[in-house]
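Bear in mind that the values here come from a model prediction, so they are computed numbers and not experimental data. Note: hydrogens, waters and symmetry copies are ignored here, and every other heavy atom, side chains too, is used. Counting convention: from 1, in listed order, for ligands and their atoms alike.
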Amino acid sequence: MSEPIVTTLDRDAVRILTVNRPDKLNALNRQTLETLDQAFAAAATDAAVRVVVLTGAGAKAFVAGADIAEMNRLTPPQGRDFSLLGQRLMQRIERLPKPVVAMVNGYALGGGLELAMACHLRVAAESARLGQPEINLGLIPGFGGTQRLLRLAGRAAALELCLLGSPVTAARAFELGIVNRVVADAELEAQTLQIAEQLARSAPLALRGVLDAVLAGGECALEQGLEFETAQFGLLFATEDMREGTGAFLERRKPRFANR
Ligand code: CAA
C-alpha cells in the first residue's frame with residue numbers, strides 16, 4: 001500500500017497533520033491540497049481534537065511550494081482553479097474554530113509559506129528558510145501570499161519578499177513578524193508541542209472567541225471590531241468554562257475546561 005499523502009497522529013487532544021511527500025519536499029499538488037482540506041475538515045468537527053499542529057515530513061522541508069511540475073502544464077482556467085483550490089484550503093485553515101500551529105521544519109516557500117501563514121501561530125526551526133519565490137518562475141503567489149503577507153508583516157515586507165523572491169532566514173522572518181518563535185532545530189517538536197498542549201488545556205470556546213474576533217477585526221473598521229469583541233465577550237458568560245475559569249482563580253486552583 002502507498003504511503004498516505006497526509007499523515008494524522010493524535011497526541012491526546014493535539015492532532016498532528018504531516019504533509020508527506022518528502023521526496024518532492026512536500027510540494028502541494030492538487031491531491032495534497034484536497035487531502036489537506038479533508039483532514040482539516042475532519043479536525044474541525046472532531047470534538048476530541050482541540051488543537052492542530054501542521055508540519056512537513058523529512059528533515060528538509062515544511063512545504064517547498066505548489067507543485068511546479070503540475071503547474072507547468074496548466075492552462076489559464078486551470079491555473080485559476082488551482083489558485084482557488086489553494087485559497088479555499090488556506091481559508092478553511094484560517095477559519096478553523098480551533099487553533100492551528102505551523103511547525104516550520106525547513107523550507108517554507110511559495111505555497112508552503114502561504115500554508116504556514118494561514119495557520120494561527122508559527123514556530124520555526126533556526127535552519128528554516130521562508131519566502132515567496134514565485135517571481136523566479138514568472139508567477140506571483142496564488143494561495144493568498146500577497147494578501148496574508150501584507151496583513152501579517154506590512155507592505156514593505158510583502159513587496160520585498162514577493163518582488164525579490166529571495167528566501168529569508170527564520171530569524172529575519174521573526175524580525176518581520178512572519179513567525180512567532182524561532183527555536184533550535186532539535187527543540188522544534190518539543191517546543192511546538194508545548195505550545196499546542198497549553199492551547200489544548202485552554203477553554204475551547206474562549207480560544208474560538210479570540211480567533212473569531214482577531215480575524216474579523218483584521219477585515220473591518222475599529223468600531224465594528226469592538227462591537228464584535230463585545231458580542232463574543234458577552235456570549236462567553238453563557239459558558240460553564242467561564243464559570244470554571246473564574247471560579248478556579250478565586251479558589252486558587254487550576255481550571256479544568258470542558259468545552260461547554
Ligand atoms: N514543486 C515540485 N517539486 C519540487 C518543488 C516544488 N515546489 N520543490 C522541490 N521539488 C522537488 C524537486 O524537483 C526534486 O525532485 P526530483 O528529486 O524528483 O528531481 C526534489 O523535490 C528535491 O528538490 P531539489 O533537488 O531541488 O532540492 P535542493 O535541496 O537542491 O533545493 C529548494 C531545495 C531550494 C527548496 C528547491 O527545491 C526549490 O527551489 N524548490 C522550489 C521552490 C519554489 O519555487 N517554490 C514556489 C513554487 S510556486 C508556488 O508555490 C505558487 C503558489 O503560490 C501557488
Side-chain angles (χ1 to χ4, degrees), residues 2-7 18-37 40 54-94 102-119 122 124-153 155 157-173 176 178-179 185 188:
S2 62
E3 286 269 302
I5 209 157
V6 175
T7 64
T18 305
V19 181
N20 188 29
R21 293 184 79 202
D23 55 325
K24 297 291 176 191
L25 303 189
N26 305 316
L28 301 171
N29 57 9
R30 284 193 73 90
Q31 194 195 347
T32 311
L33 292 168
E34 282 161 1
T35 309
L36 273 173
D37 197 62
F40 275 99
L54 176 64
T55 193
K60 245 176 116 171
F62 173 71
V63 165
D67 191 311
I68 299 170
E70 201 172 88
M71 282 192 303
N72 177 254
R73 299 184 297 269
L74 300 184
T75 63
Q78 288 170 334
R80 186 174 179 280
D81 283 351
F82 188 59
S83 169
L84 288 175
L85 179 67
Q87 286 187 358
R88 274 197 296 271
L89 167 65
M90 306 311 161
Q91 294 274 78
R92 181 189 293 284
I93 295 172
E94 194 169 67
M103 181 161 84
V104 182
N105 54 315
Y107 289 112
L109 300 175
L113 179 53
E114 291 169 304
L115 188 61
M117 288 193 295
C119 298
R122 283 156 293 285
E126 257 169 2
S127 67
R129 294 290 177 273
L130 303 92
Q132 297 288 167
E134 290 89 344
I135 199 75
N136 301 321
L137 303 167
L139 273 172
I140 69 167
F143 296 167
T146 58
Q147 302 308 301
R148 288 204 174 82
L149 199 47
L150 173 67
R151 284 161 173 75
L152 204 54
R155 189 189 298 218
L159 287 174
E160 181 183 323
L161 265 73
C162 297
L163 288 176
L164 299 181
S166 312
V168 297
T169 61
R172 177 71 180 139
L176 292 172
I178 297 170
V179 300
D185 291 13
L188 180 66

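Contact annotation: the side chain of Gln147 never approaches that of Met90 to less than 4.5 Å [non-hydrogen atoms, C-beta and beyond]. Looking only at side-chain heavy atoms (C-beta outward), Thr169 and Arg129 come within less than 4.5 Å of each other. A 4.5 Å side-chain heavy-atom check between Thr32 and Asp67 finds every atom pair outside the cut-off. Counting heavy atoms from C-beta on, the side chains of Phe40 and Leu89 come closer than 4.5 Å. The shortest side-chain heavy-atom distance between Glu134 and Met71 does not fall under the 4.5 Å cut-off. Residues Asn29 and Arg21 meet the side-chain proximity criterion, which asks for heavy atoms closer than 4.5 Å.
The distance from ligand 1 to the heavy atoms of Glu114 drops below 4.0 Å at these ligand atoms: 52 (C), 53 (O), 54 (C). Near Leu137, meaning under 4.0 Å from any of its heavy atoms, are these atoms of ligand 1: 44 (O), 47 (C), 48 (S). Interface atoms of ligand 1 facing Pro133, defined by a heavy-atom separation under 4.0 Å, are 43 (C), 44 (O), 45 (N), 46 (C). Close contacts of ligand 1 with Gly111, meaning ligand atoms under 4.0 Å from a residue heavy atom, involve 49 (C), 50 (O), 53 (O). Atoms of ligand 1 found under 4.0 Å from any heavy atom of Gly110 (numbered from 1 in listed order, with element): 46 (C), 50 (O). Remark: ligand 1 atoms within the under-4.0 Å shell around heavy atoms of Pro141 are 53 (O). Residue Asp67 approaches ligand 1 through these ligand atoms, each under 4.0 Å from one of its heavy atoms: 1 (N), 2 (C).
Note that atom 12 (C) of ligand 1 has no protein non-hydrogen atoms nearby, at separations under 4.0 angstrom. Distance remark: protein heavy atom not present below 4.0 angstrom from atom 31 (O) of ligand 1. The presence of a protein heavy atom under 4.0 Å from atom 48 (S) of ligand 1 is confirmed. Inside a 4.0 Å radius of atom 26 (O) of ligand 1 there is not any protein heavy atom. Within the 4.0 Å cut-off (strictly below), no protein heavy atom is located near atom 36 (C) of ligand 1. Within 4.0 Å of atom 21 (O) of ligand 1, at least one protein heavy atom is present. Within a 4.0 Å radius of atom 45 (N) of ligand 1, the protein has at least one heavy atom.
Of the possible donor and acceptor atoms, one in the side chain of Glu70 sits under 3.5 Å from a partner among the backbone N and O of Arg30.
Annotation: the span from Ile68 atom CD1 to Leu28 atom CG amounts to 11.0 Å, rounded to 0.5 Å. Leu25 CG to Lys60 NZ: the interatomic distance, rounded to the nearest 0.5 Å, is 5.0 Å. For the atom pair CD1 (Ile5) and OG1 (Thr35), the distance works out to 5.5 Å, reported to the nearest 0.5 Å. How far CG of Leu74 is from OG of Ser83: 11.0 Å, rounded to the nearest 0.5 Å.
Geometrically, ligand 1 and Glu134 share a nitrogen or oxygen pair separated by less than 3.5 Å. Checking only distances, Gly142 does come within under 3.5 Å of ligand 1, N or O to N or O.
For Met71, the heavy-atom gap to ligand 1 drops under 4.0 angstrom. Using a 4.0 Å heavy-atom cutoff, Asn136 is absent from the residues neighbouring ligand 1. Residue Leu109 places a heavy atom under 4.0 Å from ligand 1. Ligand 1 is never approached by Arg129 to a heavy-atom distance shorter than 4.0 Å. By the 4.0 Å heavy-atom criterion, Gly86 is excluded from the residues contacting ligand 1. Within the 4.0 Å heavy-atom cutoff, Gly145 does not count among the residues contacting ligand 1.
The protein non-hydrogen atom at the shortest distance from atom 3 (N) of ligand 1 is Ala27 CB, 4.1 Å. When only non-hydrogen protein atoms are considered, atom 41 (C) of ligand 1 lies nearest to Ile68 CD1, 3.7 Å. Remark: minimum distance from atom 7 (N) of ligand 1 to any protein heavy atom is reached at Ala66 O, 2.9 Å. Closest protein heavy atom to atom 4 (C) of ligand 1: Lys24 O, 3.8 Å. Of all protein heavy atoms, the one closest to atom 29 (O) of ligand 1 is Lys60 NZ, 2.5 Å. Atom 8 (N) of ligand 1 has as its closest protein heavy atom Ala64 CB, 3.6 Å. Protein heavy atom in closest approach to atom 17 (O) of ligand 1: Asp23 O, 4.3 Å.
Considering Leu161, Leu149, Leu152, Leu130 in turn, Leu161 is the only one that fulfils the side chain to side chain contact (heavy atoms under 4.5 Å, CB included) rule with Leu176.
No hydrogens or angles considered: nothing links the side chains of Thr7 and Asn20 as a donor-acceptor pair under 3.5 Å.
Looking at every heavy atom in both residues, Glu114 comes nearest to Phe143 through OE2-N, 2.8 Å. Among all heavy-atom pairs drawn from Arg148 and Met117, the shortest one is CD-O, 3.8 Å.
Considering Leu25, Ile135, Leu113 only, the shortest heavy-atom separation from atom 23 (O) of ligand 1 involves Leu25.
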> Are Ile93 and Leu115 close enough, and set up right, to give a side-chain contact (heavy atoms from CB on, under 4.5 Å), and what steps lead you there?
Replying inline: CA-CA 9 Å; Ile93 295 172; Leu115 188 61; 3.6 Å; yes

>> side-chain contact (heavy atoms from CB on, under 4.5 Å), that's the test. Do Leu54 and Phe62 meet it? Break it down for me.
In response: CA-CA 9 Å; Leu54 176 64; Phe62 173 71; 4.2 Å; yes

